[in-house]
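First comes the structure, then the notes that go with it.
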There are 2 protein chains.
Amino acid sequence: MQETFTTEQGLTVPVHDLPLLDRVRTLILGGDFPPGAPVSEVFLAQEFDVSRTPIREALKQLQHEGLVEIRPKVGTFVREPTRREIVELFQLKESFEGLAAGLLARRGPVRELAVLERNLEESDEAAASGDAERYAALVHEFHQTIILGADNNKLTEHYGRLMNQLAYHRLVLRTAGHPGRIIASTAEHRTVLEMIKDKDHFGAEAAMRNHVYASSREVLTDSRTRND
Amino acid sequence: MQETFTTEQGLTVPVHDLPLLDRVRTLILGGDFPPGAPVSEVFLAQEFDVSRTPIREALKQLQHEGLVEIRPKVGTFVREPTRREIVELFQLKESFEGLAAGLLARRGPVRELAVLERNLEESDEAAASGDAERYAALVHEFHQTIILGADNNKLTEHYGRLMNQLAYHRLVLRTAGHPGRIIASTAEHRTVLEMIKDKDHFGAEAAMRNHVYASSREVLTDSRTRND
DNA sequence: AGAGATTATGTTGCATGCATGAAGTCGTCA
DNA sequence: TGACGACTTCATGCATGCAACATAATCTCT
């Protein structure tokens with residue numbers, strides 16, 4: 001097994017081309033490029049002070065991840081996911097996270113339980129003090145902990161791809177949404193955690209899927225963000 | 001949306017580099033390369049009569065798909081999935097196919113029902129006449145029909161990636177296994193179909209997951225193939 | 001002036017060459 | 001004989017150059 005590195009989104013990539021691929025991805029996801037904007041190879045090449053060749057390879061990866069669209073002989077463009085794709089991705093998210101919660105419950109973890117417990121406490125604090133940013137970070141951490149806790153690298157990998165595709169959408173929502181409004185999804189998180197504690201993997205999966213479904217619906221029905 | 005093409009495994013790729021990427025993938029999955037074997041760029045380059053550059057890009061894609069391992073400054077090698085990875089992939093397969101069956105049941109399909117119905121009849125015939133090859137093909141078609149019937153392109157995409165990673169393993173099992181032995185999993189398929197007919201998406205998902213789990217266990221416990 | 005054809009431009013697609021680094025090989029020395 | 005070290009070999013990593021094609025701009029003709 002080669003040396004790998006797991007990115008923030010949980011995507012495992014070979015470590016040797018991490019800097020470039022990661023930097024390009026960050027640049028595109030950063031929001032500097034509106035959807036549909038062209039991403040020229042030469043621009044990126046001089047931006048990162050490398051040749052076009054490694055840039056091309058990175059862009060192909062990103063195409064594979066669904067973040068950009070390469071039109072042969074024309075150019076590369078930031079891909080704007082359609083609403084239908086968003087729905088599809090959320091269906092997958094529900095399935096992935098449900099699976100993860102179930103696997104974690106079956107494992108009967110120790111370390112993760114403490115982390116999740118602490119997370120919920122801090123989430124309550126953040127919600128009470130109205131710290132939206134902190135709350136969002138904690139929500140992210142909660143889900144990430146469960147995914148990683150499932151102890152299934154392939155799941156982590158696929159989940160990372162998924163979240164990368166949703167990342168741009170999330171960003172739009174987060175910046176365009178109502179920052180002050182935080183709906184406490186902590187209750188649903190707590191339910192999930194209880195199920196995991198009880199080693200009820202069936203219940204944990206169901207609870208997590210309900211939670212993801214609920215949050216996705218709120219994202220999809222209107223444009224208000226639920227920070228989750 | 002750019003023009004895409006869906007491969008046999010259901011993986012959607014841009015059409016312009018289909019020939020090369022697909023041919024390289026087929027070559028590697030074809031079994032000519034034992035696991036761990038080096039896949040030199042120059043070899044592939046002269047094999048397909050192109051330069052190293054497009055070969056490199058294709059290999060990077062395959063690395064992304066998990067089929068090869070690129071060791072920097074050393075070479076590219078056919079990746080041998082560990083047993084643990086096989087287990088992880090089957091867990092994902094269970095989740096994917098369960099999701100697909102559920103979505104299909106919820107859709108209340110018409111065309112797919114006829115196809116699946118016919119498939120089961122032919123499966124019975126193939127099983128009765130002991131045509132292992134035909135039976136395996138029908139099993140593949142059954143699952144593929146359900147995946148595609150779920151009408152979720154992202155699911156199809158992720159599933160395709162998954163199956164590509166399992167493809168090599170399947171091949172080994174199929175060739176090394178006992179070709180005469182066919183255990184009729186048709187009964188489980190029939191259960192899944194009944195649930196879909198009844199639009200019981202919950203039951204369909206459960207039935208499919210049980211089925212996939214059962215077949216995976218049989219694959220994993222010993223080396224005998226169940227053709228599924 | 002408008003429509004079609006033609007040129008011009010910009011970007012990608014690929015081939016090639018060279019530098020870099022990793023293994024393996026051979027030789028030398030203790 | 002065994003171990004250490006320089007060297008050879010070989011494959012990759014990347015830069016560069018040129019050709020091909022899509023698109024836009026221009027020109028011509030009616």
Side-chain angles (χ1 to χ4, degrees), chain A residues 1-5 12-25 27-28 32-80, chain B residues 1-5 12-25 27-28 32-80:
Chain A
M1 189 76 180
Q2 71 181 316
E3 200 177 1
T4 55
F5 179 90
T12 301
V13 294
V15 69
H16 69 280
D17 60 357
L18 224 181
L20 193 61
L21 176 60
D22 223 37
R23 279 165 74 188
V24 174
R25 191 193 291 115
L27 186 66
I28 290 175
D32 295 335
F33 294 84
V39 186
S40 144
E41 293 179 3
V42 286
F43 172 77
L44 292 179
Q46 57 193 26
E47 181 76 10
F48 295 121
D49 197 51
V50 290
S51 160
R52 276 178 50 218
T53 309
I55 294 288
R56 277 182 64 77
E57 293 175 354
L59 286 178
K60 280 239 173 175
Q61 308 272 8
L62 293 180
Q63 176 192 36
H64 213 224
E65 293 181 15
L67 292 181
V68 301
E69 170 186 350
I70 299 179
R71 284 201 298 230
K73 293 285 187 179
V74 177
T76 305
F77 304 88
V78 176
R79 194 146 180 293
E80 178 174 35
Chain B
M1 189 73 180
Q2 70 180 315
E3 200 177 359
T4 55
F5 179 90
T12 300
V13 294
V15 69
H16 70 281
D17 59 357
L18 224 181
L20 192 60
L21 176 60
D22 221 37
R23 279 164 75 189
V24 174
R25 192 195 288 115
L27 186 66
I28 290 176
D32 295 335
F33 295 84
V39 186
S40 144
E41 292 179 1
V42 286
F43 173 77
L44 292 179
Q46 56 193 27
E47 181 76 11
F48 294 121
D49 197 50
V50 291
S51 160
R52 277 179 48 219
T53 309
I55 294 289
R56 277 182 63 78
E57 293 176 354
L59 286 179
K60 280 240 173 175
Q61 308 272 9
L62 294 180
Q63 176 191 37
H64 213 223
E65 293 181 15
L67 292 182
V68 301
E69 170 187 350
I70 299 179
R71 284 202 297 233
K73 291 287 186 178
V74 176
T76 305
F77 304 88
V78 177
R79 195 145 181 295
E80 179 173 36

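Protein chains get the first letters and strands the later ones, always in sequence-line order, with residue 1 at the start of each.
With B:Leu62 as the fixed residue, the side-chain contact (heavy atoms from CB on, under 4.5 Å) test singles out one of B:Thr76, B:Val68, B:Val39, B:Ile70: B:Val68.
Along DNA chain C, the nucleotide nearest A:Thr76 and the nucleotide nearest A:Thr53 are compared for position; the residue whose nucleotide lies closer to the 5' end is A:Thr76.
Going from atom CD of B:Glu69 over to atom P of D:dA11 covers 17 Å, rounded to whole Å. Taking atom CZ of residue B:Arg56 and atom P of nucleotide C:dC14, one finds them 14 Å apart after rounding to whole Å. C:dT12 atom C1' lies 15 Å from atom CD of A:Glu57, rounded to whole Å. Look at CD1 on B:Ile55: it is 14 Å from P on D:dG13, rounded to the nearest Å. Note: CD (B:Glu41) to P (D:dC14) measures 11 Å, nearest angstrom. Spacing between atom NZ of A:Lys60 and atom P of C:dG13 amounts to 7 Å, rounded to whole angstrom units. A straight line from CG of A:Leu44 to P of C:dT11 spans 12 Å, rounded to a whole angstrom. Atom CZ in A:Phe77 sits about 12 Å away from atom C1' in C:dG10, given to the nearest Å.
Residue A:Ser40 places its side chain closer to C:dT12 than to any other of D:dG13, C:dC14, C:dT12.
Contact annotation: A:Ser51 does not reach the phosphate of D:dC14 (side-chain N/O to OP1 or OP2, under 4.0 Å).
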Enumerate, atom names and distances included, each donor-acceptor pair closer than 3.5 Å involving a side-chain atom of residues 40-54 of chain B, sequence neighbours excluded.
| unit_1 | atom_1 | unit_2 | atom_2 | d |
| --- | --- | --- | --- | --- |
| B:Ser40 | OG | B:Val42 | N | 3.2 |
| B:Ser40 | OG | B:Phe43 | N | 3.1 |
| B:Glu41 | OE1 | B:Arg52 | NE | 2.9 |
| B:Glu41 | OE1 | B:Arg52 | NH2 | 3.1 |
| B:Glu41 | OE2 | B:Arg56 | NH1 | 2.9 |
| B:Ser51 | OG | B:Thr53 | N | 3.3 |

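Between A:Glu65 and B:His64 the shortest side-chain heavy-atom distance falls below 4.5 Å.
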Contact list (N/O, under 3.5 angstrom) for nucleotides 17-24 of chain D vs protein:
| unit_1 | atom_1 | unit_2 | atom_2 | d |
| --- | --- | --- | --- | --- |
| D:dA20 | N3 | A:Lys73 | NZ | 3.3 |

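Here the shortest heavy-atom pairing between A:Phe33 and A:Ile28 reads CD1-CA, 4.2 Å.
From A:Leu59, atom CG reaches atom CD of A:Glu69 across 12.5 Å, with rounding to the nearest 0.5 Å.
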